[in-house]
Amino acid sequence: MEKVTVLIVGAGPAGSTCGLLLKQRNVDCLLIDRAVFPRDKICGGGLTPRSCQLLDTLLPTFHYDYNSVNRLKLLVEGEQVFDLHMNKELRIVKRREFDAQLLEEYKRSGGAFANDALNTIEEKDGQIVATMLSGRQVACDYLIGADGANSRVRKYLNPQSDHGFLWMEQYGPKSPDNAIVINVSKTYEQGYYYAFPNTAYDVQGFGDGNTTPQRFREVLDQMGCPDLKPKGAFIPRSCDYPLHDHIILIGDAGGFPNRLTAEGLYYAFLTARNAAEAISSGRPFAEVNAKVFAHKKKEVWEARFFYSKTGLWLLRFLCRNFPGILLRCYDKATGTKKS
């Protein structure tokens with residue numbers, strides 16, 4: 001049986017970033033993923049200013065490709081109510097390339113990686129033993145689940161955990177104005193339509209509490225999108241599992257995407273940092289990540305109000321009469337500081 005200090009399941013942004021930070025702290029770790037990279041990932045690919053700032057702070061030598069976007073169009077019931085020229089760019093990445101670049105950065109740091117999948121988890125004699133589908137067994141002091149919405153690590157902690165909302169998207173023709181488009185509607189159940197432009201095409205997507213392939217097609221037809229080949233994935237919306245001192249969930253696996261916007265990359269980097277800090281310092285993850293857990297509870301109420309009839313009415317009212325208030329809210333939510 002192999003022995004490592006930390007076994008990380010899932011080599012997406014959360015897992016690869018955590019592995020890189022652990023390597024910086026000289027902590028022995030093994031990163032595994034069933035996928036062969038580069039691989040596609042359901043995600044608009046938007047890096048908000050706070051995401052960029054956090055990533056640059058954590059991994060200052062990491063360089064990645066992106067499309068710079070400074071314009072956001074907000075629609076309510078299909079009617080444009082706000083055209084925001086942002087003070088600071090949003091970086092739109094192709095997740096297929098971005099995730100592969102992060103994994104390669106981890107490998108270049110000397111990090112161990114294996115194409116394998118987690119099968120079972122056992123706790124015995126003060127250690128965690130993970131058995132892979134290949135039959136490989138690894139004993140570790142810490143097990144980190146960074147394996148997304150269908151996390152087997154989270155299922156171990158709570159077999160009844162909720163997958164969250166289904167989001168679907170397709171790759172459509174690139175819009176000429178290079179703008180992010182968001183549409184919200186009272187017919188959507190705490191979700192929205194989006195179009196994120198990267199360098200070659202627009203990622204057109206939709207997700208809410210009632211998403212089905214048929215509903216996805218109906219919404220995109222209403223937004224004038226062509227009928228292309230869609231893909232789908234779940235985005236968790238709750239941290240519905242018992243906390244464990246030596247089994248840690250980060251990123252989507254831990255249910256950390258924003259409840260209002262579904263932003264996931266910022267929390268992937270943030271919880272990866274907190275997990276690495278908890279392990280290297282010997283502190284409980286629940287303590288290091290306490291502010292994030294508390295903020296997730298606050299986001300639940302924010303989402304319920306924003307997507308209510310009252311919230312959408314107020315949004316339209318502010319857009320027409322007090323756009324400056326929305327600008328300040330946007331700057332606070334994304335970490336944008338006016339130049």
Side-chain angles (χ1 to χ4, degrees), residues 11-14 16-17 33 35-53 55-56 59 62-75 80 83-108 148 166-183 191-207 211 213 216-217 219-235 251-252 257 261-266 268-269 334 336:
S16 292
T17 300
D33 199 299
V36 176
F37 286 71
R39 55 92 175 97
D40 283 324
K41 178 71 171 65
I42 297 295
C43 178
L47 287 173
T48 58
R50 65 176 180 176
S51 300
C52 300
Q53 182 179 3
L55 183 59
D56 290 345
L59 307 174
F62 175 59
H63 300 287
Y64 53 95
D65 301 321
Y66 62 88
N67 180 39
S68 178
V69 177
N70 289 86
R71 188 179 180 191
L72 184 149
K73 296 180 181 180
L74 177 62
L75 288 69
Q80 183 171 314
D83 192 344
L84 171 63
H85 292 265
M86 296 172 282
N87 296 301
K88 208 165 186 178
E89 67 180 3
L90 265 79
R91 298 177 181 177
I92 311 299
V93 300
K94 296 179 183 177
R95 285 295 301 275
R96 178 180 177 86
E97 298 175 2
F98 180 77
D99 292 10
Q101 289 173 320
L102 259 178
L103 178 57
E104 285 304 313
E105 187 79 1
Y106 166 78
K107 291 179 181 178
R108 281 194 294 270
L166 174 63
W167 290 70
M168 299 185 69
E169 65 184 29
Q170 65 182 24
Y171 299 155
K174 184 171 172 59
S175 58
D177 52 5
N178 196 43
I180 293 172
V181 178
I182 302 293
N183 182 62
Y192 59 92
Y193 160 87
Y194 60 90
F196 280 69
N198 57 45
T199 54
Y201 50 81
D202 281 7
V203 178
Q204 301 164 336
F206 170 74
T211 306
F216 169 79
R217 190 66 266 154
V219 170
L220 265 68
D221 286 344
Q222 293 168 2
M223 298 304 299
C225 300
D227 188 358
L228 302 172
K229 185 178 180 181
K231 296 182 179 180
F234 288 95
I235 295 183
D252 285 10
T261 65
E263 178 187 9
L265 286 170
Y266 172 74
F269 305 141
T334 62
T336 302

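Scanning all heavy atoms of the two residues, the minimum distance from F216 to M168 falls at CE1-O, 3.2 Å. Nearest heavy-atom pair across C225 and D221 is O-OD1, 4.1 Å. The two atoms that bring G172 and Y201 nearest to each other are O-CB, 3.2 Å, heavy atoms only. Taking all atoms of both residues into account, the shortest heavy-atom contact from P257 to D252 is CG-OD1, 3.1 Å. The shortest non-hydrogen separation linking Y266 to S51 is CB-OG, 3.2 Å.
A salt bridge between D33 and R39 is absent, with no side-chain N of the basic residue lying under 4.0 Å from a carboxylate O of the acidic one. Using a 4.0 Å cut-off between a side-chain N of Lys or Arg and a carboxylate O of Asp or Glu, D99 and K41 do not qualify as a salt bridge.
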Assess the residue pair F206 and N183 against the criterion (side-chain contact (heavy atoms from CB on, under 4.5 Å)); give the C-alpha distance rounded to whole Å, side-chain angles, the decisive distance to 0.1 Å, and a yes or no. CA-CA 9 Å; F206 170 74; N183 182 62; over 6 Å; no
Please lay out, stage by stage, how L72 and L90 fare under the test side-chain contact (heavy atoms from CB on, under 4.5 Å). CA-CA 10 Å; L72 184 149; L90 265 79; 5.6 Å; no
Taking it one step at a time, do Y171 and L228 satisfy side-chain contact (heavy atoms from CB on, under 4.5 Å)? CA-CA 8 Å; Y171 299 155; L228 302 172; 5.9 Å; no
Show the numbers, then the answer: is there a side-chain contact (heavy atoms from CB on, under 4.5 Å) between R217 and Q170? CA-CA 10 Å; R217 190 66 266 154; Q170 65 182 24; 3.2 Å; yes
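For the atom pair CE of M223 and CG of L220, the computed distance is 8.0 Å after rounding to the nearest 0.5 Å. Considering CD1 of I180 and CG of L74, their distance stands at 11.5 Å, rounded to 0.5 Å. To the nearest 0.5 Å, atoms CD (E169) and NZ (K231) are separated by 9.0 Å. Distance check, rounded to the nearest 0.5 Å: SG of C52 to CD of E89 gives 6.5 Å. Taken from CZ in F269 to CZ in R50, the straight-line distance is 12.0 Å, to the nearest 0.5 Å. Separation of atoms CZ (R96) and CD (Q101) is listed at 12.5 Å; rounding is to 0.5 Å.
Counting only distance, with no hydrogens or angles, the side chain of N178 and the backbone of S68 share a donor-acceptor pair below 3.5 Å.
Here the side chains of T211 and W167 are not in contact, with every heavy-atom distance at 4.5 Å or above. Using a 4.5 Å heavy-atom threshold, the side chains of P213 and P230 count as separate. Counting only heavy atoms from C-beta outward, the side chains of L265 and R91 never approach each other to under 4.5 Å. Side chains of K94 and T199 form a contact here, defined as non-hydrogen atoms less than 4.5 Å apart. At least one side-chain heavy atom of P13 sits less than 4.5 Å from a side-chain heavy atom of R95. Side-chain contact between Y64 and V93 is present, with at least one heavy-atom pair separated by less than 4.5 Å. At a threshold of 4.5 Å between non-hydrogen side-chain atoms, the residues P197 and V69 count as touching. By the 4.5 Å heavy-atom criterion applied to side chains, K73 and D177 are counted as neighbours.
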